[in-house]
Protein chains: 2
Amino acid sequence: MIGKVADRRQAKVATIVAAAWGLARVNGIGAVSLRALAREVGMRQPSLYEYFDSKHALYDAMFADGNRQLLERLEALPPDQDPRRALKSFMRTLADFALEDDARHALLFQRPIPGYEPGPEAYPDAERVLGRAVELMAAAGVDDPGDVDCIVAVVGGLIDAQTSNDPGGDRWVRHLDRLIDLHLDDANRRSTR
Amino acid sequence: MIGKVADRRQAKVATIVAAAWGLARVNGIGAVSLRALAREVGMRQPSLYEYFDSKHALYDAMFADGNRQLLERLEALPPDQDPRRALKSFMRTLADFALEDDARHALLFQRPIPGYEPGPEAYPDAERVLGRAVELMAAAGVDDPGDVDCIVAVVGGLIDAQTSNDPGGDRWVRHLDRLIDLHLDDANRRSTR
DNA sequence: GTCTATACATCGATAGAC
DNA sequence: GTCTATCGATGTATAGAC
């Protein structure tokens, strides 16, 4: 088996990434230091360079991992014939995912690290998430890209307000379903006219 | 005049804060270093501690200054008898202000600096901004706090999407007026029923 | 692959002379 | 009030032993 050594390496990479998420949850994504991360996984700092060429490469791995987690959860949703119910379920899952872990939400959907932008190789999963959202909205009768943009912005706005101003509560996200209906109704009304 | 020395000090503080905004605009709010800031105002780095006890104190001064700028601009708006027009004008001014300067928008409305939260002494102006928004919405017939939250979140969502995904464009903010009407109509419909 | 050791850059912060 | 000098932390990177 030639793959065994590569597998072990991948497992170690996964361990390191998981430990990095742990540190990020405690002190914030910007406070993950390579020395602390190495300590967490029982290594010395230079040894991490065996697995990541730079700190940005670590961020890329975390970004890709986070998007993979999200995509996995979204794809596990049971299919729903009712396009509205399907869209709401999708968006609620997205919101729950974002609210579960501030640091992960920040890395995936904001630019919390000065000088770091996710590399292109980490984007495919992120684009699949958005693509699925667009599909679901189309099924619900939203054909104007402007309406898609609005719904995306509204959901993002609710999530951001929730995490910033009422972490752990539901003061904003409790309006999620109602606002989706409001915007779908409005989009349908304007497209059938 | 006893106040003269204090005035001079305040003027110097203002100069430093202005220079800090300049650096933030160029490299991002997170990349403002005390050494670069000192260089900018013709000082050495330790001398800045004569004016700010810590870097967080500098951030607090910038936060207060940004909110003061915003409040000034909002209070300069001409009064408008039509509550909807007044609210839209308020929100458009807010959006323009946010889109003008990414770094300022980030410091005022997000938490872009790991470990930094604005101190309580910097909040009054920020609360006056929100208070004015609530007043305008009340005048437009929005009496449910949940509806106020939704409109705040929607405007914030449009602004964030705009800065993140189409800086300099209007792909999201062009929907601002329409979405405000949509949400006001919905709030009014539900409150008069 | 992992280690020790080291180099050099940056950063915020402090001590103490003037 | 401003300076020089310095501290300890960081990230990045390398050399070389095992």
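Only heavy atoms go into these numbers, but all of them, side chains included; no hydrogens, no water, no symmetry mates.
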Can you give the donor-acceptor pairs under 3.5 Å from side chains of residues 103-113 of chain B to other protein atoms, not counting sequence neighbours?
{"unit_1": "B/R104", "atom_1": "NH1", "unit_2": "B/Q69", "atom_2": "OE1", "d": "2.7"}
{"unit_1": "B/R104", "atom_1": "NH2", "unit_2": "B/F97", "atom_2": "O", "d": "2.8"}
{"unit_1": "B/R104", "atom_1": "NH2", "unit_2": "B/E100", "atom_2": "OE1", "d": "3.0"}
{"unit_1": "B/H105", "atom_1": "NE2", "unit_2": "B/D160", "atom_2": "OD1", "d": "3.3"}
{"unit_1": "B/Q110", "atom_1": "NE2", "unit_2": "B/D160", "atom_2": "OD1", "d": "3.2"}

**Study point:** Divergence of helical axes at both termini of the helix from C/dG1-D/dC18 to C/dC18-D/dG1 - five pairs an end, 10° steps
**Key:**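 The two end axes of the helix from C/dG1-D/dC18 to C/dC18-D/dG1 meet at 10°.
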Check your understanding: Would you say B/Y49 reaches C/dG12's phosphate, i.e. side-chain N/O to OP1/OP2 under 4.0 Å?
Key ->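 B/Y49 to C/dG12 OP1/OP2: no side-chain N or O under 4.0 Å.
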Review point. Does the side chain of B/S33 get closer than 4.0 angstrom to OP1 or OP2 of C/dC11 through an N or O atom?
Key: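 Result: yes.
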Check your understanding: Can you list, by residue number, the residues of residues 13-32 of chain A that have a non-hydrogen atom closer than 4.0 angstrom to DNA chain D?
Key ->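 Per residue number, the list reads A/V32.
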Which protein N or O atoms sit under 3.5 Å from an N or O of nucleotides 2-6 of chain D?
{"unit_1": "D/dT2", "atom_1": "OP2", "unit_2": "B/Y51", "atom_2": "OH", "d": "2.8"}
{"unit_1": "D/dC3", "atom_1": "OP2", "unit_2": "B/R44", "atom_2": "N", "d": "2.9"}
{"unit_1": "D/dC3", "atom_1": "OP2", "unit_2": "B/S47", "atom_2": "OG", "d": "2.7"}

Taking only Lys NZ, Arg NE, NH1 and NH2, and the carboxylate oxygens of Asp or Glu, determine whether [X] and [Y] approach each other closer than 4.0 Å.
X	Y	result
A/R174	A/D166	no
A/D185	A/R84	yes
B/D7	B/K4	no

Check your understanding: Taking the six-membered ring where the residue is Trp, are the ring centres of A/H183 and B/H175 under 6.0 Å apart?
Key ->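 That pair fails the under 6.0 Å test.
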Review point. By side chain to side chain donor-acceptor pair (under 3.5 Å), which residues pair with B/E75, not counting sequence neighbours?
Key: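 Once residues adjacent in sequence are excluded, the partners of B/E75 under the side chain to side chain donor-acceptor pair (under 3.5 Å) criterion are B/R128.
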**Study point:** Atom pair CH2 (A/W21) and CD1 (A/I16), whose distance is rounded to the nearest 0.5 Å
**Key:**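 Rounded to the nearest 0.5 Å, the CH2-CD1 separation comes to 15.0 Å.
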Review point. For the hydrophobic clusters of this structure (ILVMFWY residues joined by side-chain heavy atoms under 4.5 Å, transitively), does one cluster hold both B/L99 and B/V26?
Key: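 As far as the 4.5 Å side-chain criterion goes, B/V26 and B/L99 are not connected within one cluster.
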Would you mind reading off the distance between [X] atom [atom1] and [N] atom [atom2], rounded to a whole angstrom?
X	N	atom1	atom2	result
B/F52	C/dC11	CZ	P	18 Å
B/L48	C/dG12	CG	P	10 Å
B/L34	C/dC11	CG	C1'	8 Å
A/K55	D/dT10	NZ	P	10 Å

Exercise for review: State whether a side-chain donor-acceptor pair under 3.5 Å links A/N67 with A/Y123.
Suggested key: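 Per modelled atom types, A/N67 and A/Y123 side chains form no pair under 3.5 Å.
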Practice item. Return yes when atom CG of A/D53 has more than 12 non-hydrogen atoms of other residues, nucleotides or ligands closer than 6.0 Å, and no otherwise. Key: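 For A/D53, atom CG is not crowded (no more than 12 foreign heavy atoms under 6.0 Å).
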Practice item. Answer with base, sugar-phosphate or nothing: what part of the nucleic acid does A/D53 contact at a heavy-atom distance below 4.0 Å? Key: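 It contacts sugar-phosphate atoms only.
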Review point. Within the structure shown, what part of the strands sits under 4.0 Å from A/R8 by heavy-atom distance: base, sugar-phosphate, or nothing?
Key: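 Touches nothing.
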Point to revise | By side chain to side chain contact (heavy atoms under 4.5 Å, CB included) - contacts of A/A31 (at least two apart) | key: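 A/A31 satisfies side chain to side chain contact (heavy atoms under 4.5 Å, CB included) with A/N27 only.
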